[in-house]
Amino acid sequence: MHEASRREKLRKIQELGHDPWGSRFDGQMSIGEIRAREGEIVVEPIPAGSDQREPTQHGPHVRAAGRIVLQRKKGKLIFADIRDWSGQIQLFIGRGQVGEDNWALAECFDLGDLVGVDGQLKRTKTGELTIFAEKLHFLSKSLESPPEKHHGLTDPELRHRMRYVDLAYTEGVLPRFLDRSKIVASIRNTLGAQGFVEVEGPTLHTIAGGAAARPFKTHHNALDMPLFLRIALELHLKRLLVGGMERVFELGRVFRNEGVSPRHNPEFTMLEAYQAYGDYRSMMDLTERLILDAIAATGRGYQLPWNDATIDFTPPFARHTYDELFTRHTGVDAADTVAIKKLADDIGLETAGKDPDVIKSEVFEHKVEDQLMGPVFVLDYPATICPLTKRKTSNPAVAERFELFVQGMEIANAYTELNDPDLQEQLFRTQLAGQKAEDSMAKMDEDFIRALRHGMPPAGGLGLGIDRLVMLLTNSQTIREVILFPLLRTEAKNR
RNA sequence: GAGGCUGUAGCUCAGUCGGUAGAGCAACGGACUUUUAAUCCGUAGGUCUUGGGUUCGAGUCCCAACAGCCUCACCA
């Protein structure tokens with residue numbers, strides 16, 4: 001193990017009178033800021049007749065802190081590259097320049113150590129922007145060797161289990177998660193600017209409603225009560241709409257007891273927003289605004305790379321009806337239930353005893369969704385498959401709902417919210433009757449119906465999958481690339 | 001939950017027909033005051049994921065378990 005030599009250096013650092021675990025360190029600039037000061041370097045021309053080989057430079061004095069990610073020891077000279085979350089810069093540590101005390105400390109540096117430096121910002125004779133060290137500070141020892149310096153970590157299992165190593169050393173990982181943070185902040189800003197207030201609903205539910213998914217079960221000891229982790233934010237936010245919070249949103253974690261895939265993690269982050277006196281079209285405009293602002297917040301443009309393709313987010317996003325897209329991508333008339341059933345049978349879908357709209361929806365999922373490179377708003381869904389949505393006055397068979405698809409992925413889902421308590425109760429009952437045995441824990445949320453009976457304003461409601469949005473905006477093909485700690489099985493004992 | 005692929009040094013990977021373990025980086029020792037994937041000389045590092053089996057002999061073939069990835073199912 002290499003740990004022994006690192007512990008030996010740790011002991012040496014203590015002998016030299018330094019704390020190998022460091023302490024508060026003030027007054028440093030970020031490496032990004034330091035790099036921006038390159039222009040302050042003044043180069044004096046070599047005087048005529050001088051035998052001086054290199055011109056004298058005067059640069060600003062700077063203080064930096066970071067992790068040593070590369071080191072080149074050259075006798076009485078060390079070049080070390082340190083990195084913080086804003087960038088990376090080279091240190092020049094010369095034995096004659098820093099003195100024996102600092103040199104002795106520098107000899108204890110290993111890759112991965114966190115160090116501080118005071119020095120002058122200048123360029124080396126090859127032109128590399130460099131902090132020429134004058135004083136070194138030890139901030140924290142690393143007892144583990146970093147991963148291979150060219151490739152970093154590539155094994156996805158190690159990357160997810162040891163995300164700290166992945167963030168610290170694998171190129172592009174830290175910036176991606178900083179982008180995620182900017183996207184989330186942007187969403188809050190956009191909603192705030194439009195008068196929405198942020199709330200926190202309960203994550204422990206007595207009835208897990210608001211979506212068609214199986215919940216995680218848990219238990220409260222003192223109350224001896226079964227509980228479920230929430231599968232959606234919807235039903236509590238609508239209660240707040242009843243209470244008079246006219247524009248309300250929650251950005252939070254929901255939990256669904258399902259498998260993992262490149263697009264699914266059992267816990268994921270959802271935005272839900274509700275706007276009193278709006279409808280699904282209001283939410284379409286809001287969705288577009290949220291995404292465009294998020295793109296701007298990451299400093300990107302409308303054309304975003306996605307694998308080998310490009311996604312064009314230039315507004316306005318395309319808007320097409322469900323039936324229109326159904327017919328275009330299946331070649332079958334969206335109103336021809338007989339032909340649709342035949343198509344479903346041909347694909348091998350189970351159709352016996354199913355509602356024609358359900359069959360149509362399954363065909364849509366199999367044949368159409370993958371083709372929607374988008375961004376495209378799909379609007380006006382069959383009412384049968386939308387139990388929480390208001391129907392079109394002109395055509396009760398159609399629900400005022402849209403989903404936003406990009407690269408075949410569903411990113412957002414929005415409704416003109418149903419606020420008729422009697423109809424809502426009836427639709428719930430129909431939905432519960434159709435539940436499979438394994439979903440039998442689903443129950444009628446009587447209190448939600450009671451809330452609607454007190455009068456909920458007509459409203460538009462939006463759900464937006466944050467993880468998937470971040471995937472699209474950061475060119476990440478799996479959801480695990482944008483979730484810091486994705487769910488993994490217990491670590492194998494023999495690793 | 002089902003199927004397929006993968007698992008070798010701290011990391012990234014080779015390993016032929018079944019014949020007894022290799023490289024680069026990292027580490028350790030040495031040389032080197034403008035390097036930058038530093039270079040050069042030398043050294044050390046392995047329960048080949050785990051457990052069985054076949055065989056004179058298994059990293060290699062077979063079975064099982066564990067973990068990851070992909071596809072499907074569930075779902076957003």
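Throughout, a chain's letter reflects where its sequence line sits, starting with A, and its residues are numbered from 1. None of these values were measured; they are calculated from a predicted model.
- Separating the CZ atom of Phe109(A) from the C1' atom of rA27(B) is a distance of 18 Å, rounded to the nearest angstrom.
- Here rU12(B) sits opposite rA23(B) as a Watson-Crick or G-U wobble pair (both hydrogen-bonding atom distances under 3.5 Å).
- Counting any heavy atom pair closer than 4.0 Å across all strands shown, Arg480(A) reaches sugar-phosphate atoms only and no base atom.
- Using a 4.0 Å heavy-atom criterion, one finds that Lys149(A) contacts the sugar-phosphate atoms exclusively.
- Residue Arg159(A) contributes atom CZ, which lies 11 Å from atom P of rC69(B) at whole-angstrom precision.
- Regarding contacts with the backbone of rC66(B), every side-chain N or O of Arg489(A) stays at 4.0 angstrom or more from both OP1 and OP2.
- Nucleotides rC56(B) and rG51(B) place their C1' atoms 23 Å apart, quoted to the nearest Å.
- Nucleotide rG1(B) has rC72(B) as its partner under the Watson-Crick or G-U criteria, with both atom distances under 3.5 Å.
- Here the separation of rG59(B) from rU8(B), taken at their C1' atoms, is 7 Å to the nearest Å.
- Nearest-nucleotide assignment on RNA chain B puts the 5′-proximal partner with Leu111(A), out of Leu111(A) and Asn257(A).
- Ion pairing between Glu100(A) and Arg95(A) holds under the 4.0 Å rule for side-chain N and carboxylate O.
- The aromatic rings of Phe109(A) and Phe138(A) are tilted relative to each other, their planes meeting at an angle between 30° and 60°.
- Note on Glu8(A) versus Arg11(A): salt bridge recorded, some NZ/NE/NH1/NH2 to OD/OE distance being below 4.0 Å.
- Residue-level contact check: Asn265(A) touches the bases, meaning some heavy atom is under 4.0 Å from a base atom.
- The nucleotide whose nearest atom lies closest to any side-chain atom of Phe92(A) is, among rA37(B), rU33(B), rC74(B), rU33(B).
- The closest side-chain donor-acceptor pair between Asn413(A) and Arg401(A) falls under 3.5 angstrom.
- Comparing rC62(B) with rU55(B), their P atoms sit 16 Å apart, to the nearest whole Å.
- Among the protein residues, Gly96(A) comes within range of the nucleic acid bases, having at least one heavy atom under 4.0 Å from a base atom.
- Relative ring orientation between His236(A) and His205(A) is described as tilted, the plane-to-plane angle lying within the 30° to 60° band.
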Give me, pair by pair, the N or O atoms of the protein and of nucleotides 28-32 of chain B that are less than 3.5 Å apart, along with how far apart they are.
| from | atom 1 | to | atom 2 | distance (Å) |
| --- | --- | --- | --- | --- |
| rC28(B) | OP1 | Ser5(A) | OG | 3.4 |
| rC28(B) | OP1 | Lys9(A) | NZ | 2.6 |
| rC32(B) | N3 | Gly75(A) | N | 3.0 |
| rC32(B) | N4 | Gly75(A) | N | 3.2 |

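- Among the protein residues, Pro146(A) comes within range of no part of the nucleic acid, since none of its heavy atoms lies under 4.0 Å from any strand.
- Considering only the side chain of Phe132(A), rU34(B) comes nearest among rA26(B), rU34(B), rA76(B).
- Straight-line distance between the P atoms of rC25(B) and rA21(B): roughly 23 Å, to the nearest whole Å.
- Using a 4.0 Å heavy-atom distance criterion, Gly465(A) is classed as making no nucleic acid contact.
- Of the P atoms belonging to rA14(B) and rU49(B), the separation is 14 Å, rounded to the nearest Å.
- Ile78(A) comes within contact range of no nucleotide atom at all, as no heavy-atom separation falls under 4.0 Å.
- For Arg72(A), a side-chain nitrogen or oxygen approaches OP1 or OP2 of rA38(B) to under 4.0 Å.
- Here rC70(B) is the nucleotide among rU12(B), rA76(B), rC70(B) with the atom lying nearest to any side-chain atom of Thr478(A).
- Straight-line distance between the C1' atoms of rG45(B) and rA27(B): roughly 9 Å, to the nearest whole Å.
- Comparing rU39(B) with rG24(B), their C1' atoms sit 15 Å apart, to the nearest whole Å.
- Across every non-hydrogen atom of Val378(A) and Tyr322(A), the tightest pair is CG1-CA, 3.8 Å.
- Scanning atom types as modelled, one donor and one acceptor separated by under 3.5 angstrom connect the side chain of Thr124(A) and the base of rU35(B).
- Using the Watson-Crick or G-U wobble rule with both distances under 3.5 Å, rA37(B) pairs with nothing in any strand shown.
- Residue Glu403(A) is classed as having no contact, given no heavy-atom separation below 4.0 Å to the nucleic acid.
- Exactly one of Glu267(A), Glu250(A), Glu272(A), Glu200(A) qualifies for a salt bridge (charged side-chain N to carboxylate O under 4.0 Å, His left out) with Arg230(A). That residue is Glu250(A).
- Side-chain atoms of Asp357(A) do not come within 3.5 Å of backbone N or O of Lys360(A) as any donor-acceptor pair.
- On a pure distance criterion of 3.5 Å, a polar donor-acceptor pair joins the side chain of Gln90(A) and the base of rU35(B).
- Across all strands shown, rA67(B) forms a Watson-Crick or G-U wobble pair, both distances under 3.5 Å, with rU6(B).
- The distance from atom CZ of Arg214(A) to atom P of rG1(B) is 11 Å, rounded to the nearest whole Å.
- Both thresholds, 5.5 Å between centres and 30° between ring planes, are not jointly met by Phe79(A) relative to the base of rA38(B), so the two rings are not stacked.
- Remark: C1' of rC11(B) and CG of Asp166(A) are 13 Å apart, rounded to the nearest angstrom.
- Within the nucleic acid shown, Gly463(A) has no heavy atom closer than 4.0 Å to any nucleic acid atom.
- In this structure, the CG atom of Leu488(A) is 16 Å from the C1' atom of rG7(B), given to the nearest Å.
- Residue-level contact check: Thr170(A) touches neither bases nor backbone, having no heavy atom under 4.0 Å from any strand.
- Within the 4.0 angstrom heavy-atom criterion, base atoms lie near Phe268(A).
- For Ser261(A), no side-chain nitrogen or oxygen approaches OP1 or OP2 of rC69(B) to under 4.0 Å.
- The separation of rU12(B) from rU6(B), taken at their C1' atoms, amounts to 15 Å, rounded to a whole angstrom.
- A straight line from CD of Glu481(A) to P of rC69(B) spans 11 Å, rounded to a whole angstrom.
- When only modelled atom types and interatomic distance are considered, Gln90(A) and Arg72(A) share a side-chain donor-acceptor pair under 3.5 Å.
- Ring geometry for Phe79(A) versus Phe92(A): interplanar angle over 60°, hence perpendicular rather than tilted (30 to 60°).
- For Glu157(A) and rC5(B), the CD to C1' distance is 15 Å, given to the nearest whole Å.
- Residue Pro215(A) comes nearest to Leu229(A) through the heavy atom pair CB-O, 3.9 Å, listed as atom of the first residue, atom of the second, then distance.
- The partner of rC17(B) is absent, by the rule that a Watson-Crick or G-U pair needs both atom distances under 3.5 Å.
- Between the CG atom of Asp155(A) and the P atom of rC13(B) there is a distance of 8 Å, rounded to whole Å.
- Regarding contacts with the backbone of rA67(B), every side-chain N or O of His160(A) stays at 4.0 angstrom or more from both OP1 and OP2.
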